[in-house]
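Note that ligands are numbered from 1 as they come in the structure, with each ligand's atoms numbered from 1 the same way.
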Amino acid sequence: MNYTPDSLESAARLILASFGCDENEASIVADHLVRANLAGHDSHGIGMLPMYGAQVKDGNLIPNQTPEFLPSAGAICIVDARRGFGHHMALLALDHAMETAAQHNVAVLGLRNAGHVSRIGNYSEYCAEKGFVSIHFVNVWGHGPLVAPHGSSQAGFSTNPISIGMPVNGEAKPMLDMATSTVAMGKVRVAHNRGEKIPLGWVLDIDGVETDDPSDMWLHRKGALTAFGAHKGSGLGIFVELLAGALAGKETVATGTTIPNGVYNNMFTILVKPEGFDDIASIEARIMEFYDNIKSSPTARGTKEILLPGEPEKRYSADRHRNGIFVEDETIEQLLTIAGTFDADTDQIRQTIQIAGK
Ligand code: NAD
């Protein structure tokens, strides 16, 4: 079934309010998740809410948290999210780092101890809207590793995403946002929930053999995701762990901290004001000259059109604004179930969700 983005956002706000988030936090998190759905990343959309609810119940994710802003050292800003909702804490931390960048033209942010920050591209978009080039490296801890280092049959780090955005006219264009695993873990969850097989190459079974079955990996964490691009992607994933975890966040998966339902992110972000290099108009003209050059280059056999990073997400968003967001029935039931355990009015939530086109 396809649902309207607005109605999914309203339902998400109700569910988050039942978790104890105040109006401001519920709006920030609901907006973040539905934007991820709109961008085509259902793995990081409203389907995350059951996990967040379980974390709140366990006391491992704290609604309405106040982050701790540690003393800045030059252009380095450190923010401890104290296990607050990552989407909210990350925006507060970025705002704080932008104040530092106003003095130095650059800021380096370490956000530590944050609940799941979800779709990293949202932060590149946020920074670009405020005129910043931004680079984000994010590691994941609180549960065992998920991704096998190149050559290993056993997971050694997590899906460790990277996002980079460059502002043109106040939007991130182009914008790269990618897990360093072949696919994000949420895509294995979505395939499992839809009863679909996964392409060979995404997951290794416990014997280190490629498998097309998502269920063992999603339900029992048996096996490992693969790193993208063989040894090169594996190397990048390792450096994301080192920058976000060993340097900024003070926690890598090697520490071995395992918390039931725990998923925490550390984020190492570099913010740059482009005007520190040249006037904005000249920089944007050069970005677009290069962008257009790539768009107009000849296509490889079997390819209709060349897309730049960020373009697929913009197209998904336009399509999903028009036609609604597909959410599988199992995910809707999971949302209602978790809301029910917080004594939310599930009939009201069910009625809030509107089918697109009706
Ligand atoms: P993906 O593979 O769908 O896309 C990766 C990048 O490739 C994007 O920038 C996209 O614009 C670009 N792209 C896709 N198709 C293209 C094409 N045909 N031509 C040119 N460019 C193209 O994304 P992913 O690696 O599966 O990541 C999914 C999401 O998961 C991301 O939003 C990421 O931030 C998120 N994530 C979050 C965490 C976390 O712990 N918070 C961990 C891992 C991933």
Side-chain angles (χ1 to χ4, degrees), residues 29 32-45 47-48 51-52 55 61 81 85-90 111-126 128 134-143 145-147 155 157-166 171-191 198-199 201-203 225-229 233 236-237 240-241 244-245 249 251 253 262-269 291 294-295 297 299-300 302-317:
V29 180
H32 183 117
L33 298 177
V34 173
R35 269 163 173 260
N37 284 115
L38 282 167
H41 292 298
D42 297 325
S43 54
H44 289 73
M48 297 306 303
M51 183 183 90
Y52 299 157
Q55 293 173 337
L61 179 63
F85 272 80
H87 331 68
H88 184 194
M89 300 297 109
L111 173 69
R112 58 180 64 142
N113 223 357
H116 189 241
V117 295
S118 206
R119 177 181 177 243
I120 314 307
N122 282 18
Y123 307 113
S124 296
E125 289 167 357
Y126 183 75
S134 65
I135 307 173
H136 312 265
F137 300 90
V138 175
N139 83 319
V140 194
W141 62 276
H143 58 66
L146 298 173
V147 179
F157 51 90
S158 205
T159 51
N160 293 4
I162 297 174
S163 181
I164 307 176
M166 293 190 81
E171 67 167 310
K173 183 178 178 150
M175 199 279 289
L176 178 72
D177 175 26
M178 49 169 268
T180 47
S181 49
T182 305
V183 292
M185 182 64 169
K187 293 198 171 155
V188 178
R189 179 194 83 225
V190 170
I198 50 172
W202 285 15
V203 169
L225 299 172
T226 54
F228 88 96
L236 208 47
V240 173
E241 189 75 25
E251 182 91 34
V253 287
V263 180
Y264 300 103
N265 284 139
N266 298 311
M267 185 159 82
F268 175 84
T269 290
Y291 193 102
I294 293 201
K295 289 292 294 174
S297 60
T299 53
T303 304
K304 284 204 189 98
E305 186 192 355
I306 296 162
L307 300 175
L308 272 94
E311 264 194 298
E313 284 80 357
K314 288 205 169 74
R315 294 198 178 179
Y316 263 112
S317 181

**Study point:** ligand 1 contact by Ser163, heavy-atom criterion under 4.0 angstrom
**Key:** no
Practice item. Say whether, by atom type as modelled, one donor and one acceptor occur between the side chain of Glu313 and the main chain of Gly40 under 3.5 angstrom. Key: no
Review point. Is there a donor-acceptor pair closer than 3.5 Å between any side-chain N or O of Ser158 and the backbone N or O of Pro145?
Key: no
Study note, to complete from the structure: With heavy atoms and a 4.0 Å threshold, my read on which part of Leu307 contacts ligand 1 is both
Check your understanding: Is a side-chain N or O of His41 found less than 3.5 angstrom from the main chain of Arg119, in a donor-acceptor match?
Key -> no
Check your understanding: Would atom 2 (O) of ligand 1 count as contacted, meaning some protein heavy atom under 4.0 Å?
Key -> no
Practice item. Examine distances only and state if a side-chain atom of Thr180 and a backbone atom of Asn160 form a donor-acceptor pair shorter than 3.5 Å. Key: yes
**Study point:** Nearest-contact summary for atom 8 (C) of ligand 1 - protein heavy atom, Å
**Key:** Asp177 O, 3.3 Å
Practice item. Indicate yes or no: does an N/O atom of Leu308 lie under 3.5 Å from an N/O atom of ligand 1? Key: no
Exercise for review: May I ask you to identify the nearest protein heavy atom to atom 27 (O) of ligand 1, giving residue, atom name and distance to one decimal place in Å?
Suggested key: Ala179 N, 3.7 Å
**Study point:** Within reach of ligand 1, part of Met175 (heavy-atom separation under 4.0 Å)
**Key:** backbone
Point to revise | Donor-acceptor side-chain pairing of Tyr264 and His116 below 3.5 angstrom | key: no
Review point. Is Pro161 in polar range of ligand 1, meaning some N or O pair under 3.5 Å apart?
Key: no
Exercise for review: Flag Glu313 as yes when one of its N or O atoms lies below 3.5 Å from any N or O atom of ligand 1, and as no otherwise.
Suggested key: yes
**Study point:** Numbering as shown, the atoms of ligand 1 that approach Ala184 to under 4.0 Å (heavy-atom distance)
**Key:** 26 (O), 30 (O), 44 (C)
Review point. With backbone taken as N, CA, C and O and side chain as the heavy atoms from C-beta onward, which portion of Pro312 lies under 4.0 Å from ligand 1: side chain, backbone, both, or neither?
Key: side chain
Point to revise | atom 7 (O) of ligand 1: the protein heavy-atom neighbour that sits closest, reported with distance to 0.1 Å | key: Leu176 CD1, 4.5 Å
Point to revise | Which segment of Ser118 sits under 4.0 Å of ligand 1 when only heavy atoms are counted | key: backbone
Exercise for review: Could you tell me whether a side-chain N or O of Ser181 sits under 3.5 Å from a main-chain N or O of Val183, the two making a donor and an acceptor?
Suggested key: yes
Study note, to complete from the structure: the protein heavy atom lying closest to atom 12 (C) of ligand 1 turns out to be Pro309 CA, 4.3 Å
Exercise for review: Give a yes or no answer on whether the side chain of Asn122 reaches the backbone of His32 with a donor-acceptor pair at less than 3.5 Å.
Suggested key: yes
Check your understanding: Does a salt bridge link Glu125 with Lys314, judged by any charged N lying under 4.0 Å from a carboxylate O?
Key -> no
Study note, to complete from the structure: The atoms of ligand 1 lying under 4.0 Å from a heavy atom of Val140, numbered in the order shown, are 40 (O)
Exercise for review: Provide, to 0.1 Å, the distance between atom 26 (O) of ligand 1 and the closest protein heavy atom, together with that atom's residue and name.
Suggested key: Lys187 NZ, 3.0 Å
Review point. With no hydrogens and no angle check, is any side-chain donor or acceptor of Asn139 less than 3.5 Å from a backbone partner on Glu251?
Key: yes
Exercise for review: Please work out whether any backbone atom (N, CA, C, O) or any side-chain heavy atom from C-beta onward of Asn265 is under 4.0 Å from ligand 1, and answer side chain, backbone, both or neither.
Suggested key: side chain
Review point. Between Lys173 (side chain) and Met166 (backbone), is there a donor-acceptor pair under 3.5 Å?
Key: no
Point to revise | Closest protein heavy atom to atom 42 (C) of ligand 1, given as residue, atom name and distance to 0.1 Å | key: Thr159 OG1, 3.2 Å
Revision key, fill the gap. Nearest non-hydrogen contact to atom 23 (O) of ligand 1 from the set Arg315, His44, His41, Arg119 belongs to His41
Point to revise | Single hit among Val117, Asp177, Thr269 for side-chain contact (heavy atoms from CB on, under 4.5 Å) with Tyr123 | key: Val117
